[in-house]
Protein chains: 2
Amino acid sequence: MSKSTINDVARLAGVSIKTVSRVVNRESGVRDATREKVEKAIAELNYWPNQSARDLAASRAHLICLVYDDPSAYKLPSSGYIIRLQEGVLRVCRSLGYELLIHPCNYRNDDVESELKFLIQRARPTGIVLAAPLSNIPKIVRAISATGTPLVRLSPGQKLSKEMVVATNDREFAAEMTCYLASLGHRRIGFITGHPRHKAVGHRFEGYKAGLKASGLTFSEELVAAGDNSFGSGEAAALKLLDRKSRPTAIFAANDDMAVGVLRVADRLGIRVPDELSIAGCDDITLAEQIHPALTTIRQPFAAMAEKATLMLVKGTEESEAPKGTVIVPGALKIRESTGPAPG
Amino acid sequence: MSKSTINDVARLAGVSIKTVSRVVNRESGVRDATREKVEKAIAELNYWPNQSARDLAASRAHLICLVYDDPSAYKLPSSGYIIRLQEGVLRVCRSLGYELLIHPCNYRNDDVESELKFLIQRARPTGIVLAAPLSNIPKIVRAISATGTPLVRLSPGQKLSKEMVVATNDREFAAEMTCYLASLGHRRIGFITGHPRHKAVGHRFEGYKAGLKASGLTFSEELVAAGDNSFGSGEAAALKLLDRKSRPTAIFAANDDMAVGVLRVADRLGIRVPDELSIAGCDDITLAEQIHPALTTIRQPFAAMAEKATLMLVKGTEESEAPKGTVIVPGALKIRESTGPAPG
DNA sequence: TTGTAAGCGTTATCAC
DNA sequence: GTGATAACGCTTACAA
């Protein structure tokens, strides 16, 4: 195992440590011949720079911190959300030589604020990526901002020009999905709303209405049922919508968990999907592709959003021109098997 | 934001930096009055030790690395597994002042080995927690071991007395579940096997056989169907088992994803659960508690295993008496709604 | 019980 | 282009 230092390399290559440092950090102004000598010595000694020493000397840590709502505190079925966020941050970290520190936290705890300050003081990360729904909780944002650590918020549910924000276009793609269903001939398109506290999810309802309008359909309260993002609430809502005389021929749920609930109810009631009923969701959870029929949904760009956020953080730090404002990473329709032409 | 150093504190408290260091590190041999003076200065200056400097000076990093199979490479429905592992490691890290670095990796890549070495060289973690199924892939284990970094393996599928291993008692609880089903009066208990490469999952099949024996039932190939841990394979296997003349009155699947598949097939075939068919799974994925009827299963102690593993790593490093051998963290039966008395 | 001084392995400054 | 040499903020012998 390598224990060699920059000094060993310098000695072997017959140069100063500064020159080795230059080569390692790809600085310009090193003669090719010198560079090669150094690189040879590095390879021979199997040298790797010591991260702690680098960070200390440069007074910066190569560290990104991802903060999100603690899933173990809720039992979210879609912990895939977090995995995908991690995935996105990791992609950038790996390519740019940063490490990822993860910090799930429960905003209901009274001491989240000091907990976050403690974390930041201790780890001194380059920056923080704050995931929804924490990103729209004022005391959390305030606690982090107070430390002066660069912060990027994910889907805070509002545009903010003076801060770094990455979001997706919930409203637009929900409208698009609605138009798609209308284009299949559906005229009675039901909607199941999501958790009332989740702002971005609320945008989808607005998108649904906009889509109806754009398709020349009229909005009706009768076609709407309330859910709370859970599988069970999707089942309950489906039961309500499908029990009616003139039931919808398509149901669009504000998230996949609920859409899967609808699918299950349809199955139980003997309603064939998509022949008699089209079902669409939103998020593209892993299960969406695995159930039968595979769920038509909207792919949420969680990983891409996290990737973009991390990039903003790193660039902002390295280039001293911190990018501000809201960046939109668009979602994408995933047409699969659960939607089809309207019956009749 | 604090930029004060140990020197500032020493100056303000009127002591040497060594004394400050002693207070910060809770070393003994500091007079109470002195300690108080220092603590007051620390509070006043809002001082926090610089982690990089500490690590450099002590030539150790307060860092645990969790390495697991990259979920984005497969589309595992139960990414909850990883979240729970992270949860366990994080618990220990937080209480002991370590940071958690996560590293999902794809063992199919040709360069995993150099990738891991790179990671270790760069981050120099205190130790590594290696999750299944990576923990039983020789080239992975070898690559890590070669660096000399302390390693704890999770569920490698075999007992190893000379290495640090944390596992659960798959065989025992699978037997227990089988006995439980037998005690409900079931005499034809079906089994769906898991992924052939996953050793620990294979143990469950053995446990099933042992449970039959202990209950005075005879094993029959007719009651066994092969699966591969996926939801779809569970559906297929269920179809096979339930299609037979004298079909089983209970089905025990080697994991929850498959058990949910069985549940779905039963629902589709109009077989009432648990009245006509009892279904049991293994893992206790989040979905298990949320579907209807809630799934009887075996709670796998993922978080507890990760916690134990991390503790071994830290203790082993700090106490210079590295604990060796296999530690077993037992699983637990979760009796819910999908199992009941045998019909008739 | 407390303090001094020598590193730890880098980066950064400024000569050459 | 290259190289001394001084930080960076802390731990750790070893003294006192």
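Residue numbering restarts at 1 for every chain, and letters A, B, ... go by the order of the sequence lines.
Summarising the geometry, atom OG1 belonging to A:T19 is positioned 10.5 Å from atom CZ belonging to A:R31; distances are rounded to the nearest 0.5 Å. Atom OG of A:S52 sits about 8.5 Å away from atom CZ of B:R124, to the nearest 0.5 Å.
Side-chain contact check for B:F118 versus A:W48: some heavy-atom pair is nearer than 4.5 Å.
Nearest nucleotide to the side chain of B:A57, out of C:dA5, D:dG1, C:dC8: C:dC8. Here C:dT10 is the nucleotide among C:dT10, D:dT2, D:dT12 with the atom lying nearest to any side-chain atom of A:T5. Among the nucleotides D:dT12, D:dC10, C:dT10, the one closest to any side-chain atom of B:A58 is D:dT12. Distance from the side chain of A:Y47 is smallest for C:dT10 among the nucleotides D:dC10, C:dT10, C:dT2. In this structure, of D:dG9, D:dG3, C:dG3, it is D:dG3 that holds the atom nearest to the side chain of A:V15.
In terms of position on DNA chain D, the residue among B:R22 and B:R54 whose nearest nucleotide sits closer to the 5' end is B:R54. Remark on DNA chain D: of its neighbouring residues A:T34 and A:S59, the 5'-side contact belongs to A:T34, judged by nearest-heavy-atom nucleotide. Looking at which nucleotide of DNA chain C each of A:A53 and B:R35 is closest to, the 5′-most match is held by B:R35.
Rounded to an integer number of Å, the gap from NZ of B:K37 to P of C:dT1 is 14 Å. When rounded to the nearest whole Å, the span between CG of A:D55 and C1' of D:dC10 equals 14 Å. If you take CG of A:N50 and P of C:dG7, they are 18 Å apart, rounded to a whole angstrom. Atom CG in B:L56 sits about 6 Å away from atom C1' in C:dG9, given to the nearest Å. Between the NE2 atom of A:H62 and the C1' atom of D:dC8 there is a distance of 16 Å, given to the nearest Å. As rounded to whole Å, 15 Å separates atom C1' of D:dC8 from atom CD of A:Q51. D:dT2 atom C1' lies 12 Å from atom CD of A:E27, rounded to whole Å. One atom, CZ of B:R11, and another, P of C:dT2, lie 20 Å apart when rounded to the nearest Å.
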- Passes side chain to side chain donor-acceptor pair (under 3.5 Å), A:Q86 versus B:Q86? Steps please. CA-CA 12 Å; A:Q86 292 180 352; B:Q86 292 180 352; 3.0 Å; yes

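On a pure distance criterion of 3.5 Å, a polar donor-acceptor pair joins the side chain of A:K18 and the base of C:dA12.
Nearest heavy atom pair, residue B:V329 against residue B:A304, reads CG1-CB, 3.9 Å.
Phosphate contact (OP1/OP2 of C:dT2, side-chain N/O of B:S16, threshold under 4.0 Å): absent.
Using a 4.0 Å heavy-atom criterion, one finds that A:N25 contacts the sugar-phosphate atoms exclusively.
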